[in-house]
Every structure is written in structure tokens, then in C-alpha cells.
Novice: 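Sharing a structure here in C-alpha cells format.
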2 protein chains.
Amino acid sequence: MDEVTHVAHVARIEKELRYVSGLVKQKGREMLNNYKITPPQFIALQWLSEEGDMTIGELSSKMYLAFSTTTDLIDRMEKSELVQRVKDEKDRRVVRIHLLEEGKRIIDEVIKKRQVYLQDVLVNFSSKEIVTLKENLIKLHQEMR
Amino acid sequence: MDEVTHVAHVARIEKELRYVSGLVKQKGREMLNNYKITPPQFIALQWLSEEGDMTIGELSSKMYLAFSTTTDLIDRMEKSELVQRVKDEKDRRVVRIHLLEEGKRIIDEVIKKRQVYLQDVLVNFSSKEIVTLKENLIKLHQEMR
DNA sequence: CATATTTGTTTTGTATGCGAAGAATGGTTC
DNA sequence: GAACCATTCTTCGCATACAAAACAAATATG
């Protein structure tokens, strides 16, 4: 592939990534309509669900947020009884965030809803295309990190 | 492909899409560090740059935002002289948003920066993989719309 | 002309996000 | 063990983001 063609491909990928990310954001927001959680709250719940209890620092790092932002986020999520702060016994500085029943219920429902949506989106993809797409995304994710 | 495998693939794609979108958001935010624009401002500038002058309504629709949100956004962008409101001569209700020099300069720079970043990310992709990724994303974008 | 519709703005309220300063705890050095 | 430093998290102040509801202006429609 000559240089010019390569650059053109990359430019197009950049553009499509912007569009797809925007759509993921938008569709994701719409899917939260009937639940009492916001997009960042969804992401926090998803992390807690996948990785178990985490400290404020760990969650901040996963979500690429400042500590202060996470503190506020967890304040609100605690108020709506989605999660609970638990002080670490060994190191009293550390606060561990624990997923509560209601949070678990909601995140499971929303994740399922997203997968149903995606199954619909992918209805015109062949089995082979699905596998390729999956592998592409995994590699892209790895390289972007 | 049997049903179970298919569902597993879709679930993985959903997950990777979340990760990639998150990274696009985060890396995008970092790349704006040296510029005096915010992420939504970047998206607005990108639309105006690609599609030319647009009304508040059109931009709201493209960005999936309420009118009131866009009004505020454009207020701030006008204050920092990135864009300018122009009243439509024919229909005095309509406000057309016009990209100014400074806005054009910044958006071009940032888009270029993103492409350079992506070229770096894709350095371990073969020519064939690049093409496949591009086609995958285009199709995914189409089907998500 | 009277009324309805379209297009944006204003108002109000909540959420997001960050940096700087502060508080509490834990570790280290002498 | 006192003084000092590092860490983990919270508080505060500020700007932005986002939306619903009320409002205003211009236009379309009967």
C-alpha cells in the first residue's frame, strides 16, 4: 500500500471512530432513559460489576477521572443507594466502593439491553464478519491503551 | 455458528465497543489540553468544518442535543470567537452558525493531531488489517444509525 | 386576521469535571 | 516518639454540560 492510500485509510478510520463513539454515547444515553442513572454512573457500575469492589483511586484510574470527580459521583450514587462506601480495616485512609443490590440489578438489566440492541445492529453481519469485527476491536483496544 | 457462540461474540463486541469509545473520549480529551476548547466544542467544530454552516436546529440534531444545550454551547463558542451567529435573511427565526478563522484553525490542527495519534496506534496493523478495520467501522456506523 | 407551528432563547435545576487546598492516616528518619 | 513526608480521599470554587419548561419572535395556514 502506498503512503498516500495508507494515510487516507487512517483518516477515514479516525472519522468513523468519531461517529461510532458518538453513536455509542448517544444510544447508550437513550437506553438509560427508564433508569435513574446517568452515563458516568453506568460506567462506574459496569466497572464495579465486572471487577468487584474498588477503591476511589482505582475507579478514578479506570474511568480516567480526577479523585474529586469520583468522590462526587460516588456521593450521588450512594444517595440513590446504588453503591456503598466501606472503610478499609487495615488502612483507614482507603475507601472501598461496594455495589448494592439495586445497583447490581440496574447494571445487569442495562448491559443486557445493550447486547440486545447490538444483536439487532449486527443482524446484517455474517458470522465471519462478526468474528473479524470482534478481533479488530480487541486489537484496536489493546493498541490504544 | 451456533447460537451460544454468536451471543458470546456479540457480548464481547459490546464490551470492546465500550472500552474503545471510552478511550476515544479520554484520548480526545487529552489531545485538547493545549487548545482552549472542550470536547463538545470539538464535536461542534468538526461538524461545522465538515458540513459547512448549520442552523442551531441542525447542529442540535447532529449532536443529539436539546436546543437549549446548543444555545449555551454556541454562546460560549461565540464568546471565544470560534464561531459567529448569522441571522437568515429569508427566515428571520433561523440562526446560522458560521465557522470563524480561529475555529477553523483549531479544528484542522486537532483533527490532524488525532490522525497522527491513530497512525501510531495502527502501526502494528498490516495493510490488510487496516482496510478490514476501516470497512468494519463503516458498516458498523451505517447499521447503528 | 386569528391561530398554530417553527425556531431559538431564557430560566432553573442537576450533573460532570478539574485543580487547589485541606484532613486524616500511614510510613520513615533521626 | 517527634518531625516530616507520602498516600488517599474530601471539600471548595469554578466552568461546563445537559435538559425541561416557559417564553419570545417570526412564519405558515386556514
Novice: Are the side chain of A/S61 and the backbone N or O of A/G57 linked by a donor-acceptor pair below 3.5 Å?
Specialist: no
Novice: From CG of A/D88 over to P of C/dT25, roughly how many Å is that when rounded to an integer?
Specialist: 13 Å
Novice: Name the nucleic acid region contacted by A/R96, choosing base, sugar-phosphate or nothing; use a 4.0 angstrom heavy-atom cut-off, strictly under.
Specialist: nothing
Novice: Give the rounded distance in Å between these two atoms: CG of B/L32 and P of D/dA17.
Specialist: 11 Å
Novice: Taking the side chain of B/R29 as its heavy atoms from C-beta onward, which of C/dC18, C/dT10, C/dG8 lies nearest to it?
Specialist: C/dC18
Novice: Tell me: CE of B/M54 to P of C/dT7, nearest whole Å?
Specialist: 14 Å
Novice: Spell out, as yes or no, whether a donor-acceptor pair under 3.5 Å connects the side chain of A/S49 to the backbone of A/L45.
Specialist: no
Novice: With sugar-phosphate meaning primed atoms plus P, OP1 and OP2, does A/T55 contact a base, only sugar-phosphate, or nothing at under 4.0 Å between heavy atoms?
Specialist: sugar-phosphate
Novice: Rounding to a whole Å, what distance do you find between B/L65:CG and D/dA20:P?
Specialist: 11 Å
Novice: Between A/Q115 and A/Q119, is the side-chain hydrogen bond (donor to acceptor under 3.5 Å, both in side chains) condition met? List the steps.
Specialist: CA-CA 6 Å; A/Q115 286 174 9; A/Q119 254 164 37; over 6 Å; no
Novice: What is the distance from CG of A/L59 to C1' of C/dG17, rounded to the nearest Å?
Specialist: 14 Å
Novice: C/dG19 base to A/S68 side chain: any donor-acceptor pair below 3.5 Å?
Specialist: yes
Novice: Is a side-chain donor or acceptor of A/K139 paired with a backbone partner of B/N124 at a separation under 3.5 angstrom?
Specialist: yes
Novice: Need to verify one output field. Residue with the more 5' nearest nucleotide on DNA chain C, B/I56 or A/P40?
Specialist: B/I56
Novice: Determine the contact category for B/K87: base if any of its heavy atoms lies under 4.0 Å from a base atom, sugar-phosphate if only primed atoms, P, OP1 or OP2 are that close, otherwise nothing.
Specialist: nothing
Novice: Between A/R76 and C/dT16, is there a contact of a side-chain N or O with OP1 or OP2 at under 4.0 Å?
Specialist: yes
Novice: Taking atom C1' of C/dT10 as reference, at what distance in whole Å does atom CG of B/L73 sit?
Specialist: 16 Å
Novice: Counting only side-chain N and O atoms of A/K25, is one of them less than 4.0 Å from OP1 or OP2 of D/dC18?
Specialist: yes
Novice: Using a 4.0 Å heavy-atom cut-off, does A/T38 contact any base of the nucleic acid, only the sugar-phosphate backbone, or nothing at all?
Specialist: sugar-phosphate
Novice: Measure up the B/W47 and A/Y19 rings against each other and bin them: parallel (under 30°), tilted (30 to 60°), perpendicular (over 60°).
Specialist: tilted
Novice: On DNA chain D, compare the nucleotides closest to A/Q26 and A/D72; which residue's is nearer the 5' end?
Specialist: A/D72
Novice: Do B/K90 and B/D88 sit within salt-bridge range, that is, some charged N less than 4.0 Å from a carboxylate O?
Specialist: no
Novice: Rounded to the Å, how far apart are A/F67 CZ and C/dA21 C1'?
Specialist: 16 Å
Novice: What's the closest nucleotide to the A/T69 side chain, out of C/dT5, C/dC18, D/dC9?
Specialist: C/dC18
Novice: Do any side-chain nitrogens or oxygens of B/R85 fall under 4.0 Å of OP1 or OP2 in C/dG8?
Specialist: no
Novice: Can you check the B/R93 CZ to C/dG8 C1' distance for me, whole Å?
Specialist: 10 Å
Novice: With respect to the side chain of A/D91, which nucleotide from C/dT25, D/dC18, D/dT27 is positioned closest?
Specialist: C/dT25
